[in-house]
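See structure below.
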Amino acid sequence: MNCIILSIGDELILGQTVDTNSAWLAQQLAAIGVACLAHVTVSDDQSAITRVIKESAARCDVLLISGGLGPTPDDLTRQALAEALGVPLELNASALETLEGFFTKIKRAMPPSNKIQAMLPRGSNAIANPNGTAPGIHAEFPHPRCHIYVMPGVPGEMKPMFRDDVLPALRTGSSGAVILSKTLHTFGMGESAVAELLGPLMDRKRNPSVGTTVANGYVSLRLNSRFPTSEEAQRELESTEAGCRTALNALIFGAEDESLPLATSRLMGNRSVTTAESCTGGLLSKLLTDVPGSSSFFKQGWITYSNEAKHDRLGVSENIINVNGAVSEPVVTAMATNARRLAKADFALAISGIAGPGGGSELKPVGTVCIALAHMASDTSRAERYSRSTVSARTFLFPGDRQMVRDRAAKMALTLLRYHLLNQPLPF
């Protein structure tokens, strides 16, 4: 069984809205062994939608359509489907009753324009939509035979409709291989270095396959396991994941939607952290406080952008700044040490750098960032818990524009903390 996914909407064509529906639907299809032939996007133009429906239905067993089922004049999918099938639109009494019941339930009068949502191509069936006003549509294109499923474009309506009604029907008709996927995330090494460590795991003839993608400084591994049964696909996927984790060790910080801040926070236990930032301007603090429940481990943060602020707020010696420069390991060491003492935190992270576009020099070019991590010295008494620190500081050179430098700096600071919590040295 094969399928084409059709997304409809001017906002998609113009790039005003990202088409997440197609990606999600493709993942669901892969999991039941339905091959996806193409993703197609069409504007809110009836003739264009009609043409693409006819062309797509002639090429596939199943056509999944999302969007264009609303009550406004630019919602033309049902009209285009009827035109493609060569049948008129007819009022579906059951769909109208459900639609009126929806408005009764929310204690609002149904606008006359909504009645169009109960109009279906002759011979088609309504698909229940308990989460919105627009019912879905199931129709059959006769020559060659193609099942067409039309769903709302709103993800919160489309996904439940697909899971509850469309997916069971597709699963019954599918006899292809099962494709299971998993994504693992790394930070700190470039894509080529990660690929070298993975070695034969990235052989393109291998099943499960392992590929890499890069986004926002992260190098992610995409594992795809294609086998006749879900049990075999799952077993081989787990084996390949174990191989990747052995090859990359702690470089892998999370899977699927797990973020670097979340992965780091899970290692904190009952310990606390504070931040002292210059060039990142609070970005590190934001990443930490993006984590739900961050009040349990995040103490406070300082944004000491100027030299005066570093001295006045954190007590960094003017002599240290004058001798070494604001972007230096001695300065971030003092920032982290003093921030940890003032906040009475278990850890302190400090950042100072040159984010650009100006301010660089031959000795310290744009992208130079110094990061320090302070923690309690091993021989410290309880009374000296916060007054004495052990500090590790590193200087990095991050590529890219101002935004990229700041982003990479904040993520690298989290990475320093994460490796310390794992009691492992940085592998780069």
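The first residue of the sequence shown is numbered 1, and numbering continues consecutively from there.
There is a side-chain donor-acceptor pair under 3.5 Å between Ser389 and Arg340. Looking only at atom types and distance, the side chain of Asn319 has no donor-acceptor partner in the side chain of Ser317 under 3.5 Å away. Glu238 and Gln234 share a side-chain donor-acceptor pair at under 3.5 Å. Using a 3.5 Å distance cut-off with no hydrogens or angles, the side chains of Thr183 and Arg222 do pair a donor with an acceptor. Between Ser225 and Glu236, the side chains place no donor N or O within less than 3.5 Å of an acceptor N or O (distance only, hydrogens not considered). Between the side chains of Asp19 and Ser7, at least one donor N or O lies within less than 3.5 Å of an accepting N or O. Side-chain atoms of His375 and Thr390 form no donor-acceptor pair, as typed in the model, at a separation below 3.5 Å.
Side-chain atoms of Thr186 come within 3.5 Å of backbone atoms of Val219 as a donor-acceptor pair (strictly under, hydrogens ignored). At least one donor-acceptor pair under 3.5 Å links the side chain of Arg78 to the backbone N or O of Ile116. Remark: side-chain polar atoms of Arg226 are not paired, donor with acceptor, to backbone N or O of Ile179 under 3.5 angstrom. At distances below 3.5 Å, not a single donor-acceptor pair connects side-chain atoms of Ser209 with backbone N or O atoms of Arg206. With hydrogens and angles ignored, the 3.5 Å screen pairs a side-chain donor or acceptor of Thr274 with a backbone N or O of Gln300. The backbone N or O of Gly282 sits less than 3.5 Å from a side-chain atom of Glu277, completing a donor-acceptor pair. Between the side chain of Asn129 and the backbone N or O of Gly136, no donor-acceptor pair lies under 3.5 Å. Looking only at distances, no side-chain donor or acceptor of Asn114 sits under 3.5 Å from a matching main-chain atom of Pro71. In this structure, the side chain of Thr337 does not engage the main chain of Ala334 through any donor-acceptor pair within 3.5 Å. Panel note: side chain Thr280, backbone Leu283; no donor-acceptor pair is recorded below 3.5 Å.
A distance of 5.5 Å separates OG1 of Thr275 from CG of Leu284, quoted to the nearest 0.5 Å. Atom NZ in Lys299 sits 8.0 Å away from atom CG in Asp346 (nearest 0.5 Å). Note that CG of Asn131 is 6.5 Å distant from CD of Glu157, once rounded to the nearest 0.5 Å. Remark: Leu267 CG to Arg418 CZ distance equals 7.0 Å, nearest 0.5 Å. Between the CG atom in Leu37 and the CD1 atom in Ile4 there is a gap of 5.5 Å [rounded to 0.5 Å]. Here Phe398 contributes atom CZ and Arg408 contributes atom CZ; the two are 9.0 Å apart, rounded to the nearest 0.5 Å.
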Show the atom names and distances, to 0.1 Å, of all donor-acceptor pairs under 3.5 Å that link a side chain in residues 321-330 to residues at least two apart or in another chain.
from	atom 1	to	atom 2	distance (Å)
Asn322	ND2	Glu318	O	3.1
Asn324	ND2	Ile320	O	2.9
Ser328	OG	Gly325	O	2.8
Ser328	OG	Val331	N	3.4
Glu329	OE2	Thr395	N	3.3
Glu329	OE2	Thr395	OG1	2.7

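Applying the ring pair (Phe, Tyr, Trp, His ring centres under 6.0 Å) criterion to Phe187, with sequence neighbours excluded, gives Tyr218.
Gln46 places none of its side-chain heavy atoms less than 4.5 Å from the side chain of Ile49. Residues Pro261 and Leu414 form a side-chain contact, since some pair of their non-hydrogen atoms from C-beta on lies under 4.5 Å apart. Inter-residue side-chain proximity for Asp165 and His138 is flagged as unmet; no heavy-atom pair is nearer than 4.5 Å. For the pair Met412/Phe428, a side-chain contact is recorded, criterion being any heavy-atom separation below 4.5 Å from C-beta on. Taking the side chain as every heavy atom from C-beta outward, Val42 and Arg51 never approach each other to under 4.5 Å. At least one side-chain heavy atom of Leu29 sits less than 4.5 Å from a side-chain heavy atom of Leu64. Taking the side chain as every heavy atom from C-beta outward, Pro427 and Tyr419 approach each other to under 4.5 Å. Here the side chains of Phe297 and Leu288 are in contact, with some heavy-atom distance below 4.5 Å.
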Determine, step by step, whether Asn216 and Lys411 satisfy the side chain to side chain contact (heavy atoms under 4.5 Å, CB included) criterion, reporting the C-alpha distance in whole Å, the side-chain angles of both residues, the deciding distance to 0.1 Å, and the verdict. CA-CA 10 Å; Asn216 300 317; Lys411 289 172 179 174; 3.6 Å; yes

Between Ser43 and Asp45, does the side-chain hydrogen bond (donor to acceptor under 3.5 Å, both in side chains) criterion hold? Intermediate values first, please. CA-CA 6 Å; Ser43 64; Asp45 178 275; 5.5 Å; no

Decide yes or no on side chain to side chain contact (heavy atoms under 4.5 Å, CB included) for Leu63 and Tyr149, but give the supporting numbers first. CA-CA 6 Å; Leu63 175 59; Tyr149 296 93; over 6 Å; no

Apply side chain to side chain contact (heavy atoms under 4.5 Å, CB included) to residues His420 and Ser392 and explain how you reach the verdict. CA-CA 10 Å; His420 177 82; Ser392 55; over 6 Å; no

Test side chain to side chain contact (heavy atoms under 4.5 Å, CB included) on Phe227 and Asn207 and set out the steps. CA-CA 9 Å; Phe227 288 90; Asn207 182 26; 3.3 Å; yes

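The two atoms that bring Ala139 and Leu81 nearest to each other are CB-CD2, 4.4 Å, heavy atoms only. The two residues Met161 and Pro135 have their closest heavy-atom pair at CE-C, 4.3 Å. Closest of all the heavy-atom pairs between Val369 and Ala409 is CG1-CB, 3.8 Å. Closest non-hydrogen pair, Leu76 versus Asp44, comes out as CD1-O, 3.8 Å.
Note on Arg235 versus Glu231: no salt bridge recorded, every NZ/NE/NH1/NH2 to OD/OE distance being 4.0 Å or above.
Summarising the local packing, CZ of Arg163 is surrounded by more than 12 heavy atoms from other residues, nucleotides or ligands at distances under 6.0 Å. Enclosure of atom CD in Glu196 is not indicated, since only 12 or fewer non-hydrogen atoms of other residues, nucleotides or ligands lie within 6.0 angstrom. Counting non-hydrogen atoms of other residues, nucleotides and ligands closer than 6.0 Å to CZ of Arg388 gives a total above 12. A 6.0 Å sphere centred on CD of Gln424 holds more than 12 heavy atoms belonging to other residues, nucleotides or ligands.
A side-chain contact (heavy atoms from CB on, under 4.5 Å) with Ile53 is found for one member of Leu6, Val150, Val40, Ile8 and no other, namely Leu6. The residue from Ile127, Leu69, Ile65 that alone fulfils the side-chain contact (heavy atoms from CB on, under 4.5 Å) condition with Ile137 is Leu69.
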